[in-house]
Amino acid sequence: MQSLTYDVAPDTECVARFAPDLSTLSVSGIVWDGIMEASSVVGVNTEAQFKTECSLLSDIAKILSKSQHGQREKDHYTSFAKTLAWDRGRERGGGTISQRWVRSFEDWLTDPPPPEEHDPVSNPPQLGILSRSEFLDAFRVTMGTGKRIFMTNGGCFGRTSCEVKSDDLVCVILGCAMPMVLRPVDKHFEVVGEVYLDVIMHGECMVAVREGKRTLQEFELH
């Protein structure tokens with residue numbers, strides 16, 4: 001095995017070890033949570049069908065997040081709205097999602113869906129409400145390229161273009177810019193792909209490590 005040392009923070013040095021043929025890579029990281037359920041790909045189904053899936057996941061997540069994290073309902077909707085409509089540019093800019101957007105998301109989620117034959121995701125109806133129109137415009141840009149949403153065991157929402165499934169793990173690999181989904185296979189892991197998970201996009205995993213709530217571990221990736 002060959003090794004490469006790199007810094008991920010002023011007080012954190014890591015070592016990546018890899019086989020000469022690059023078939024195996026060992027890196028340090030953190031398991032944040034497991035995936036409980038994932039939606040279908042947006043664009044395959046109509047907006048009405050996708051909204052039904054979102055509504056079901058939302059109801060389940062509210063129960064889980066309240067029991068495990070004491071999360072307030074408005075925080076739940078804020079996190080879900082960001083998952084559906086917050087892109088990398090807004091995330092990197094550190095912007096705060098507008099509560100007008102959050103309210104428009106709640107309206108979209110709770111309104112009865114229109115007839116499916118008139119409601120494709122690629123061309124949703126104009127609803128005449130500015131904030132909802134802004135949210136839906138951002139939703140189409142963010143989710144309209146083969147994305148799906150998923151929910152973790154702890155009731156948090158994420159977004160990905162990968163085919164994630166139950167029991168996959170959302171992890172932070174030290175040195176990676178985005179959270180990753182890893183799939184346990186025997187005694188190693190396979191990389192499924194990157195994800196957006198609102199609750200760990202700004203260093204929350206390392207804070208959890210320092211507070212003793214999470215631990216660093218080695219991942220052998222194939």
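Small disclaimer: the values here were computed from a predicted structure and weren't measured.
Scanning all heavy atoms of the two residues, the minimum distance from S28 to E218 falls at OG-OE2, 2.7 Å. Closest approach of I173 and M180 over heavy atoms only: CG1-CG, 4.2 Å. When all heavy atoms of E163 and V192 are compared, the pair lying nearest together is O-CG1, 4.2 Å. Nearest heavy atoms, L197 versus F157: CD1-O, 3.0 Å. Here the closest non-hydrogen pair linking C171 and V31 is SG-CG2, 3.9 Å. The two residues M36 and N153 make their nearest non-hydrogen contact at CB-OD1, 3.4 Å.
Residues V172 and W32 fail the side-chain proximity criterion, which asks for heavy atoms closer than 4.5 Å. P179 has its side chain within reach of M201: a pair of non-hydrogen atoms, C-beta onward, lies under 4.5 Å apart. L84 has its side chain out of reach of R159: every pair of non-hydrogen atoms, C-beta onward, lies at least 4.5 Å apart. Under the 4.5 Å side-chain criterion, counting only non-hydrogen atoms from C-beta, D168 is not in contact with F150. Contact of the E204 side chain with the V199 side chain is not registered, since no non-hydrogen atoms from C-beta on lie closer than 4.5 Å. P184 places none of its side-chain heavy atoms less than 4.5 Å from the side chain of D167.
Between atom OG1 of residue T160 and atom CE of residue M178 there is a gap of 8.5 Å, rounded to the nearest 0.5 Å. Atom CD1 of I30 sits about 8.0 Å away from atom CZ of F219, to the nearest 0.5 Å. The distance from the CG atom of D198 to the OG atom of S79 is 4.0 Å, given to the nearest 0.5 Å. Interatomic distance, C156 SG to I35 CD1, rounded to the nearest 0.5 Å: 12.0 Å. The CZ atom of F189 lies 10.5 Å from the OG atom of S26; values are rounded to the nearest 0.5 Å. To the nearest 0.5 Å, the span separating CE on M206 from CZ on R214 amounts to 13.0 Å.
Enclosure of atom CD in E220 by more than 12 non-hydrogen atoms of other residues, nucleotides or ligands within 6.0 angstrom is indicated.
Side-chain atoms of R148 come within 3.5 Å of backbone atoms of C162 as a donor-acceptor pair (strictly under, hydrogens ignored). Without hydrogens or angle criteria, T24 side chain to F18 main chain gives no donor-acceptor distance under 3.5 Å. Here the side chain of D33 pairs no donor or acceptor atom with the backbone of T152 at under 3.5 angstrom.
The side-chain hydrogen bond (donor to acceptor under 3.5 Å, both in side chains) analysis of residues 170-180, with sequence neighbours excluded, yields no pairs.
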